[in-house]
Undergrad: 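Once you've had a glance at the structure underneath, I'll fire off some questions.
Keep in mind that the numbers below use all heavy atoms, side chains included, and drop hydrogens, waters and symmetry copies. Every number for a ligand or one of its atoms is a count from 1 in the order of the listing.
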Amino acid sequence: MEQVSQDNIRAFRSAIQESGRIAVVGHTHPDGDALGACTAMALWLSAAGKTVACVLPDTPADNLQFILSPDILYLCNDADAPAAQECIRSCDLVIQLDCNSFSRTEGLEAALKASPARKILIDHHLNPDRDSFDLVFSTPEISSASEFLYWVLKAAGGAVTEAIGTALMTGMTTDTNNFANSVFPSTFQMASELVALGVNRDALLQQLYSSYRENRVRLMGYMQYEGLRVLPGGAAYMILTKDIMTRFDLREGESEGLVNVPLSIGAVKLSVLLKEDDGHFRVSVRSKKGTSAQELALRFFHGGGHENAAGGKVFIGTDIPDAGAAESYVQNALKTFLA
Ligand SMILES: [Mn+2]
């Protein structure tokens with residue numbers, strides 16, 4: 001794995017050797033990759049005798065809770081801010097995974113900035129904030145933070161156990177949409193090695209893709225039938241309002257994957273999903289090769305991410321006067337972008 005240099009691995013090993021209390025940090029609304037990578041990192045550090053906690057900005061969604069390890073302490077800033085903040089204040093090493101800057105941790109950003117701890121970043125998003133970290137493993141030429149961590153841990157030595165492998169396989173699988181995008185030769189190699197190690201992919205796929213509630217399937221159908229708008233020029237969008245989420249009793253994480261559906265239309269090259277939240281809409285953008293989801297998110301949604309998978313926000317009160325104006329905002333953004 002060319003992204004893992006001997007110098008970086010030496011620095012990684014000595015930073016861990018010289019640390020006793022380690023905080024493993026993931027991004028806001030942690031997805032499968034963030035949870036898988038954080039869990040794997042914490043299990044590996046725990047096996048190395050370190051005191052470790054995963055510090056997350058938000059409590060993981062119900063449908064991703066299965067990724068969490070009973071052997072690891074998770075401190076979620078939304079549920080227990082004092083404990084989460086204190087952990088970052090008092091640790092001597094921070095390892096941040098699956099996000100390129102402190103700002104992606106929202107409520108933890110100030111504590112991370114103020115913390116005197118040494119800081120390591122392992123990530124696969126564009127434009128990492130290198131100045132904020134002492135050691136950076138970063139490349140967009142990899143499927144996921146979970147895959148990157150796999151190669152780092154292999155190079156660093158120490159066992160990749162079945163539990164660690166399962167967490168990493170989960171993160172890679174969700175970030176690639178089960179091998180549908182951002183897949184590299186190294187990704188198949190990792191998967192092959194982990195299956196040989198004993199990781200049970202059948203059980204994993206069952207958990208990820210065949211364990212939804214009925215409400216979620218009905219919501220997906222409703223949004224495709226009633227909510228989908230397709231614009232000339234190849235852009236599609238959907239707006240998931242609080243009203244719709246209430247009507248379908250939708251829980252956090254249950255609209256995962258919805259933004260990908262319009263890309264199954266041949267004429268659609270860009271898909272946007274707006275999801276209403278308090279004071280803003282959360283925006284997900286997906287695109288086919290040749291169209292940049294990242295650029296759209298940067299220019300119109302205060303966001304970023306990957307070339308074909310990005311995200312951002314539309315703020316109510318500044319970008320738009322009220323929630324009802326979201327539709328004309330996204331229409332304008334798409335028309336301008338594709339013009
Ligand atoms: Mn990721």
Undergrad: Tell me if a side-chain donor or acceptor on S115 pairs with a main-chain N or O of A117 at a distance below 3.5 Å.
TA: yes
Undergrad: For E86, is there an ion pair with R89 - N to carboxylate O distance below 4.0 angstrom?
TA: yes
Undergrad: T291 side chain to S287 main-chain N or O, any donor-acceptor pair under 3.5 Å?
TA: no
Undergrad: Taking 2.8 Å as the cut-off, does D123 contribute an N, O or S atom near the Mn ion (ligand 1), distance below it?
TA: no
Undergrad: Would you mind naming the N, O or S atom of D98 nearest to the Mn ion (ligand 1)?
TA: OD1
Undergrad: Strictly distance-based, threshold 3.5 Å: is any side-chain N or O of T51 a donor or acceptor partner for the main-chain N or O of R21?
TA: no
Undergrad: For the Mn ion (ligand 1), which N, O or S atom of H124 is at the shortest distance?
TA: NE2
Undergrad: Nearest 0.5 Å, please: how far is CD1 in I16 from CG in D92?
TA: 11.5 Å
Undergrad: Specify which N/O/S atom of D175 comes nearest to the Mn ion (ligand 1), by atom name.
TA: OD2
Undergrad: Below 2.8 Å, any N, O or S contact between D33 and the Mn ion (ligand 1)?
TA: yes
